[in-house]
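Numbers restart at 1 for each chain; the letters A, B, ... are given by sequence-line order, proteins then strands.
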Amino acid sequence: GAVVSQHPSWVICKSGTSVKIECRSLDFQATTMFWYRQFPKQSLMLMATSNEGSKATYEQGVEKDKFLINHASLTLSTLTVTSAHPEDSSFYICSARRDRKNTEAFFGQGTRLTVV
Amino acid sequence: RKEVEQDPGPFNVPEGATVAFNCTYSNSASQSFFWYRQDCRKEPKLLMSVYSSGNEDGRFTAQLNRASQYISLLIRDSKLSDSATYLCVVTKGGGADGLTFGKGTHLIIQP
């Protein structure tokens, strides 16, 4: 089956620093990837849609200057949390679909970010 | 009204019992529907897609009622390994590709 790999699995960083999270589709090309965030006991919330070769589409309320998304190739999307603060601590998960017709979404393993 | 609404539970069910979860969604433009399973501190994994005609996969049966915007999941002969959070998921619709997740229903199978 399709595999989406996310790295790192967990990261602890100091307040004010930036953290980059990578999401790779290992056995298929993903023109679109999605970034979600999940706070404890909450549902996954879509943050943005990452489009290969073009700008990401952000959901309402998500700051595009704080959460930088780059989708430079068909197998890699990155999410950079800039100037991280403790309230950014969360579980970040990426997902991708093999194609638009196949609507099953494959998820990365998630990144647990703790900002201290 | 929340986009996807589920009873968070927890549902404590003895091993071997049958358990059913329900979910309602508010976006009538949603076209595709899924049940995902999420174990603690893990990523969600697809359990099954949900079709209007209903579908069954082993001990799991899913049904969709578009008129009522209602989705259900039935688990028969529950196993200890079925303990997890079950997420009701719908596509955003209207040409958008993203998914909208319910908060999930926490199921605990007791020996």
Side-chain angles (χ1 to χ4, degrees), chain A residues 1-7 9-10 21 23 30-52 54 56-62 69 71 77 90-114, chain B residues 1-10 21 23-27 29-52 55 57 62 64 71 84-108:
Chain A
V3 177
V4 174
S5 177
Q6 190 172 337
H7 177 82
S9 299
W10 59 269
I21 303 170
C23 180
T31 54
T32 306
M33 291 185 175
F34 305 91
W35 287 97
Y36 294 86
R37 179 168 56 181
Q38 186 177 34
F39 291 107
K41 299 187 178 181
Q42 299 293 316
S43 59
L44 275 80
M45 295 297 295
L46 179 65
M47 298 176 67
T49 301
S50 173
N51 305 298
E52 187 269 335
S54 65
T57 306
Y58 289 82
E59 294 298 300
Q60 192 173 10
V62 178
I69 291 173
H71 195 152
S77 175
S90 187
F91 190 49
Y92 293 84
I93 309 179
C94 69
S95 79
R97 292 196 194 129
R98 189 184 293 276
D99 54 51
R100 288 183 70 97
K101 292 180 181 179
N102 184 339
T103 54
E104 179 183 354
F106 298 95
F107 287 84
Q109 302 94 321
T111 298
R112 190 160 300 279
L113 171 64
T114 302
Chain B
R1 184 180 175 185
K2 294 178 182 176
E3 289 188 76
V4 178
E5 202 150 2
Q6 294 180 251
D7 182 340
F21 306 139
C23 163
T24 57
Y25 62 96
S26 61
N27 186 354
S30 296
Q31 293 295 317
S32 300
F33 310 89
F34 311 90
W35 283 102
Y36 275 76
R37 169 190 170 135
Q38 186 176 24
D39 293 294
C40 187
R41 294 178 172 258
K42 298 287 188 180
E43 76 276 18
K45 293 187 178 178
L46 180 66
L47 180 65
M48 59 197 306
S49 301
V50 188
Y51 306 116
S52 297
N55 50 304
D57 183 3
L64 166 67
I71 304 163
T85 297
Y86 290 83
L87 306 173
C88 178
V89 183
V90 307
T91 53
K92 283 187 170 288
D97 287 323
L99 300 174
T100 303
F101 287 78
K103 284 191 176 182
T105 298
H106 189 197
L107 173 65
I108 301 170

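- Not counting sequence neighbours, the partners of B/Phe21 by the ring-ring contact (aromatic ring centres under 6.0 Å, His included) test are B/Phe11, B/Tyr86.
- Side-chain contact check for A/Ser43 versus B/Val4: every heavy-atom pair is 4.5 Å or farther apart.
- Only the side chain of A/Phe91 comes within contact range of chain B, with heavy atoms under 4.5 Å apart.
- The distance from atom CD of B/Glu3 to atom CG of A/Leu46, rounded to the nearest 0.5 Å, is 10.0 Å.
- With a 6.0 Å radius and a threshold of 12 heavy atoms from other residues, nucleotides or ligands, A/Met45 has its CE atom at or below the threshold.
- Within 6.0 Å of CZ in A/Phe39 there are more than 12 heavy atoms belonging to other residues, nucleotides or ligands.
- Every residue was checked against the ring-ring contact (aromatic ring centres under 6.0 Å, His included) condition with A/Tyr92, not counting sequence neighbours, and none meets it.
- When heavy atoms are compared at a cutoff of 4.5 Å, A/Gln38 approaches chain B solely by way of its side chain, counted from C-beta outward.
- To the nearest 0.5 Å, atoms CD (B/Glu43) and OG (A/Ser9) are separated by 9.5 Å.
- With rounding to the nearest 0.5 Å, the separation of OH in B/Tyr36 from CG in A/Leu44 is 10.5 Å.
- Heavy atoms closer than 4.5 Å to chain A are found nowhere in B/Gln6, neither backbone nor side chain.
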